[in-house]
Amino acid sequence: QVQLVESGGGLVQAGGSLRLSCAASTRTFGSFSMGWFRRAPEKDLQFVAAVTWSGSKTLYADSVKGRFTISRDNAKNTVYLQMNSLKPEDTAVYYCAADLAPRDLTYSPGYDYWGQGTQVTVSS
């Protein structure tokens, strides 16, 4: 089993920045592809960003491209989501997810392990 714990959420004004972290409790973290997803109130779960196990490939939703950056530190078993130029529409609960070999990094059912989520609120 892999446990994922997100942190770094909070309240920020529009235009501000936050960095989310997701710590994984596995010695084989370097084998997992990692994704960030979010759920806004009364909306479906939405793909945000993903990174392959090696870090060589990253993907972003169009809505966050150029503003968010996903990265990972395999030595620390942690994946990050740097969020800049935040907008009120970025308000959501953000979840990190992990899987050994997701066929589609943007497809949430392809991930086996999920964190509990961290709230991000962007005020206008």
Side-chain angles (χ1 to χ4, degrees):
Q1 280 287 47
V2 177
Q3 290 188 327
L4 304 174
V5 179
E6 302 98 335
S7 61
L11 173 64
V12 64
Q13 288 188 333
S17 298
L18 283 174
R19 188 176 82 155
L20 305 183
S21 300
C22 173
S25 66
T26 173
R27 295 179 181 179
T28 58
F29 176 75
S31 300
F32 286 83
S33 291
M34 303 296 295
W36 285 97
F37 293 79
R38 67 187 181 186
R39 190 190 304 275
E42 300 182 359
K43 292 191 176 180
D44 293 333
L45 193 65
Q46 178 188 29
F47 168 75
V48 176
V51 59
T52 53
W53 63 272
S54 66
S56 62
K57 180 180 179 181
T58 57
L59 292 173
Y60 297 92
D62 287 344
S63 59
V64 307
K65 204 170 292 183
R67 300 188 297 123
F68 291 11
T69 302
I70 189 170
S71 62
R72 66 188 298 158
D73 185 338
N74 287 347
K76 295 183 178 180
N77 287 5
T78 301
V79 64
Y80 304 97
L81 186 68
Q82 177 67 44
M83 306 186 295
N84 298 328
S85 302
L86 282 161
K87 304 175 181 180
E89 50 264 43
D90 294 318
T91 295
V93 177
Y94 283 71
Y95 300 90
C96 73
D99 200 82
L100 283 172
R103 290 186 178 184
D104 180 349
L105 289 167
T106 71
Y107 186 57
S108 60
Y111 289 83
D112 282 339
Y113 304 102
W114 290 82
Q116 81 290 348
T118 186
Q119 176 71 48
V120 171
T121 303
V122 184
S123 63
S124 58

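Since the structure is predicted, the reported quantities are computational estimates derived from the model, not experimental observations. Residue numbers count from 1 along this sequence.
Under the 4.5 Å side-chain heavy-atom criterion for ILVMFWY residues, no single connected hydrophobic cluster contains both Tyr107 and Phe32. A continuous path of ILVMFWY side-chain contacts below 4.5 Å connects Val120 to Ile70, so both sit in one hydrophobic cluster. Val48 and Leu45 fall into different hydrophobic clusters, where Ile, Leu, Val, Met, Phe, Trp and Tyr are joined by side-chain heavy atoms under 4.5 Å apart, directly or via other members. Hydrophobic clustering, with ILVMFWY side chains joined whenever heavy atoms are under 4.5 angstrom apart, keeps Tyr95 apart from Leu81. The hydrophobic cluster containing Phe47 does not contain Leu20, counting ILVMFWY residues as joined when their side-chain heavy atoms lie under 4.5 angstrom apart, directly or transitively.
No donor-acceptor distance shorter than 3.5 angstrom exists from the side chain of Thr91 to the backbone of Thr121, with no hydrogens or angles considered.
To the nearest 0.5 Å, atoms SG (Cys96) and CD (Gln116) are separated by 8.0 Å. Taking CG of Leu105 as the start and OG of Ser33 as the end, the distance is 5.0 Å to the nearest 0.5 Å. Remark: Glu89 CD to Lys43 NZ distance equals 8.5 Å, nearest 0.5 Å.
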Yes or no on side chain to side chain donor-acceptor pair (under 3.5 Å) for Arg38 and Tyr94, after CA distance, side-chain angles and deciding distance?
CA-CA 4 Å; Arg38 67 187 181 186; Tyr94 283 71; 2.9 Å; yes

Residue pair Tyr113, Thr26: steps toward the side chain to side chain contact (heavy atoms under 4.5 Å, CB included) verdict:
CA-CA 11 Å; Tyr113 304 102; Thr26 173; over 6 Å; no

For Asp44 and Gln46, what are the C-alpha separation, side-chain angles and deciding distance, and is it a side chain to side chain donor-acceptor pair (under 3.5 Å)?
CA-CA 6 Å; Asp44 293 333; Gln46 178 188 29; over 6 Å; no

Show your working on side chain to side chain contact (heavy atoms under 4.5 Å, CB included) between Lys57 and Trp53 and close with a plain yes or no.
CA-CA 9 Å; Lys57 180 180 179 181; Trp53 63 272; over 6 Å; no

For Phe68 and Asp90: C-alpha separation, side-chain torsions, deciding distance, then whether side chain to side chain contact (heavy atoms under 4.5 Å, CB included) applies.
CA-CA 11 Å; Phe68 291 11; Asp90 294 318; 3.9 Å; yes

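The aromatic ring centres of Phe37 and Trp114 sit less than 6.0 Å apart.
Summarising the geometry of Leu11 relative to Ser123, their closest heavy-atom pair is CD1-CB, 4.4 Å, with the distance given to 0.1 Å. Smallest separation of non-hydrogen atoms from Gly110 and Pro102: O-CB, 4.1 Å. Minimum interatomic distance between Ala98 and Met34 (heavy atoms only, all atoms of both residues): CB-SD, 3.4 Å. Of all the heavy atoms in Thr78 and Ser21, the pair that sits closest is CG2-CB, 4.2 Å.
The neighbour count for Gln3 CD, taken as heavy atoms of other residues, nucleotides or ligands under 6.0 Å away, does not exceed 12.
In summary, Lys65 and Asp62 engage in a salt bridge, as defined by a charged side-chain N under 4.0 Å from a carboxylate O.
Between Arg67 and Tyr60 there is no side-chain heavy-atom pair separated by less than 4.5 Å. In this structure, Val93 and Thr118 have side chains that are not in contact, with every pair of non-hydrogen atoms separated by 4.5 Å or more.
There is a side-chain donor-acceptor pair under 3.5 Å between Ser17 and Asn84.
Both cation-pi conditions hold for Arg72 and Phe29: the charged atom is under 6.0 angstrom from the six-membered ring centre and inside a 45 degree cone around its axis.
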